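Please read these numbers as outputs of a predicted model, since none were measured by experiment.
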Amino acid sequence: MTVTQQLTGITVIDFTQVYMGPSCTQLLGDYGADVIKIERPGAGDTTRTTIPDPAGLDNPIFLSVNRNKRSVALDLRTPEGRAVVEDLVRGADVVVSNFRAGVMERLGLGYDAVRRLNPRAVWASGTGFGPEGPYAHKGGQDAVAQAYSGVMWRRNSEEDPLTLYPTTICDYITGQHLLQGILLALLQRERTGEGQRVDVSMYDSMLHLQMQEACQQLMRGTEINWAAMPLTGVFATTDGAVCVVGGFTRNPLRALSLALGLDEDLSARGDLATLAQQFAARPRLQQIFAERLATESTAHWIERLEQQDILCAPVHSLRQALDDEQTAVNNMIVEMDHPTAGRVRALNAPIRLSAAGPTVRHVPPRLGEHGAEVLTALGYTPADIDLLREKGVLA
């Protein structure tokens, strides 16, 4: 028996680009939505040209977050282009963008305009800082959001240099919040028949990431730094590194003493008996752990630490993680045959559902690949489509 996917029948008009928005709309597509990606003629999504690659416009960065979408390359600066978009919006369930605040309004596609065309449509926007406020005009970018939100300031210790988090964590988390907002709005529409506006921002998402730390700061005026716990750290071994989490057991310092084969149970010492004392002695404890762990291999220490029920892990590179058996068991890599890029290997959706999980129905589209197909479904004739192409409206 064929099981219908959760979002089959939902049409998404997708104006997003780069990572935040496309990561959201790809998941909508993975679970059945018809995602129609509107791109700029000649250039397309910014990620088609951001990183030089032999595949050109169909490079791995673009391919990573644009499967299960159909591409229409349309010049929105022209009246004809806007008319096509309005025709699409009239039949859409979701209109989603991640431009700076005000850009969709200037294109004539703000919430009020879309609502007039289609009161059932969910209008969703991801921005850097929200539609209002002193930073609303600023561009949203991952590193900028890290800096403004306090995430960049927080590090293992004040002695560590300020630095960028190397993965675009702000884009990804905000994209997930955008997805959640769209799904909530679609759920409510089932009850009311009306669409609504959804707004998320990178700034809010990164503040929300720090819920525990923020509440501690707001209520007690003190800092919580989970990376600076006295019995937790990342330590070099003879052939790599191991991450050790000294917590979640009755007496983690005793367990560490046993696992590391120390001459004494450090928890029995009067100056290390309490967590407060261990915090005060953190530099000394970290030095003891580092010196001991540097004497043997990662595998040796993983075995010893797990015997004492201490949470730990080898520090893998991304290549090692992708090659890990657990990645294969979890079906986290999908493969697709692309007409120009060849064999595409990318990460699968991480949400497992017992009925109708994610599927690959469309490989990531070539720029403008589906323009004629989409417009034909709207009722445009071949002559209409040819004329739009002659005028440069449709590529």
Side-chain angles (χ1 to χ4, degrees), residues 146-147 149-167 169-170 173 206-317 320-321 324 326:
Q146 290 181 41
S149 65
V151 168
M152 188 179 290
W153 183 259
R154 297 180 58 255
R155 51 213 192 274
N156 288 3
S157 70
E158 293 182 0
E159 290 72 34
D160 292 341
L162 295 170
T163 187
L164 291 172
Y165 189 77
T167 297
I169 187 172
C170 310
I173 290 174
M206 294 316 291
L207 286 175
H208 198 254
L209 177 69
Q210 303 168 90
M211 283 186 287
Q212 295 174 319
E213 296 90 340
C215 193
Q216 180 74 17
Q217 189 66 247
L218 290 167
M219 294 185 65
R220 299 289 181 264
T222 56
E223 183 82 11
I224 287 289
N225 186 342
W226 301 113
M229 299 299 283
L231 310 184
T232 294
V234 179
F235 305 97
T237 64
T238 57
D239 60 353
V242 62
C243 175
V244 178
V245 180
F248 306 101
T249 60
R250 186 172 182 178
N251 188 341
L253 185 53
R254 181 176 185 276
L256 277 167
S257 299
L258 291 171
L260 299 181
L262 300 181
D263 294 335
E264 61 176 324
D265 173 4
L266 295 178
S267 69
R269 293 177 49 164
D271 59 342
L272 295 174
T274 68
L275 183 60
Q277 290 173 321
Q278 292 167 14
F279 265 110
R282 182 177 185 273
R284 179 160 48 99
L285 287 169
Q286 293 280 304
Q287 183 177 358
I288 292 170
F289 303 153
E291 290 176 354
R292 186 68 181 129
L293 288 162
T295 63
E296 296 285 353
S297 70
T298 298
H300 171 88
W301 290 122
I302 293 293
E303 181 179 2
R304 296 272 304 186
L305 291 162
E306 288 184 342
Q307 285 174 353
Q308 298 300 325
D309 201 25
I310 296 169
L311 294 173
C312 59
V315 179
H316 280 171
S317 67
Q320 288 174 306
D324 197 296
Q326 191 66 55

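Going from atom CZ of F289 over to atom OG1 of T232 covers 9.0 Å, rounded to the nearest 0.5 Å. Interatomic distance, OG1 of T274 versus CZ of F279, reported as 10.5 Å (0.5 Å rounding).
V242 and C312 get closest at one heavy-atom pair: CG2-CB, 4.5 Å. Among all heavy-atom pairs drawn from S149 and L207, the shortest one is O-CD2, 3.7 Å. Nearest heavy atoms, M206 versus I169: CE-CG2, 4.1 Å.
Here salt bridge (Lys or Arg N to Asp or Glu O under 4.0 Å) pairs that include residues 220-237, with residues two or more places apart or in two chains, are R154-E223. Within the structure, no pair that satisfies the salt bridge (Lys or Arg N to Asp or Glu O under 4.0 Å) test touches residues 233-242, not counting sequence neighbours. Under the salt bridge (Lys or Arg N to Asp or Glu O under 4.0 Å) criterion, no residue pair touches residues 290-302, with sequence neighbours excluded. Listed by first and then second residue, the side chain to side chain donor-acceptor pair (under 3.5 Å) pairs that reach into residues 240-251 are N251-S267, sequence neighbours excluded.
Remark: A313 engages no residue in a side-chain contact (heavy atoms from CB on, under 4.5 Å) (not counting sequence neighbours). Residues satisfying the side-chain hydrogen bond (donor to acceptor under 3.5 Å, both in side chains) criterion with T163, sequence neighbours excluded, are absent altogether. Considering only residues two or more places apart in sequence or on other chains, R254 meets the salt bridge (charged side-chain N to carboxylate O under 4.0 Å, His left out) condition with D265. Evaluation of the ring-ring contact (aromatic ring centres under 6.0 Å, His included) rule for H208 yields H177 as partners, not counting sequence neighbours. In this structure S157 satisfies the side-chain contact (heavy atoms from CB on, under 4.5 Å) test together with E159, D160, sequence neighbours excluded. With sequence neighbours left out, Q326 forms a side-chain contact (heavy atoms from CB on, under 4.5 Å) with D324, V329, N330. Every residue meeting the side-chain contact (heavy atoms from CB on, under 4.5 Å) condition with E303, not counting sequence neighbours, appears here in chain and number order: Q307. The salt bridge (charged side-chain N to carboxylate O under 4.0 Å, His left out) search around R284 returns D271, not counting sequence neighbours.
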Q308 and L256: CA distance, side-chain angles, deciding distance, side chain to side chain contact (heavy atoms under 4.5 Å, CB included) verdict: CA-CA 8 Å; Q308 298 300 325; L256 277 167; over 6 Å; no

Working for side chain to side chain contact (heavy atoms under 4.5 Å, CB included), residues S297 and T238: CA-CA 5 Å; S297 70; T238 57; 3.7 Å; yes

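In the displayed structure, N225 atom CG is contacted under 6.0 Å by more than 12 heavy atoms of other residues, nucleotides or ligands.
The shortest side-chain heavy-atom distance between L260 and I288 does not fall under the 4.5 Å cut-off.
Side-chain contact annotation: S257 with E264, donor-acceptor N/O pair under 3.5 Å absent.
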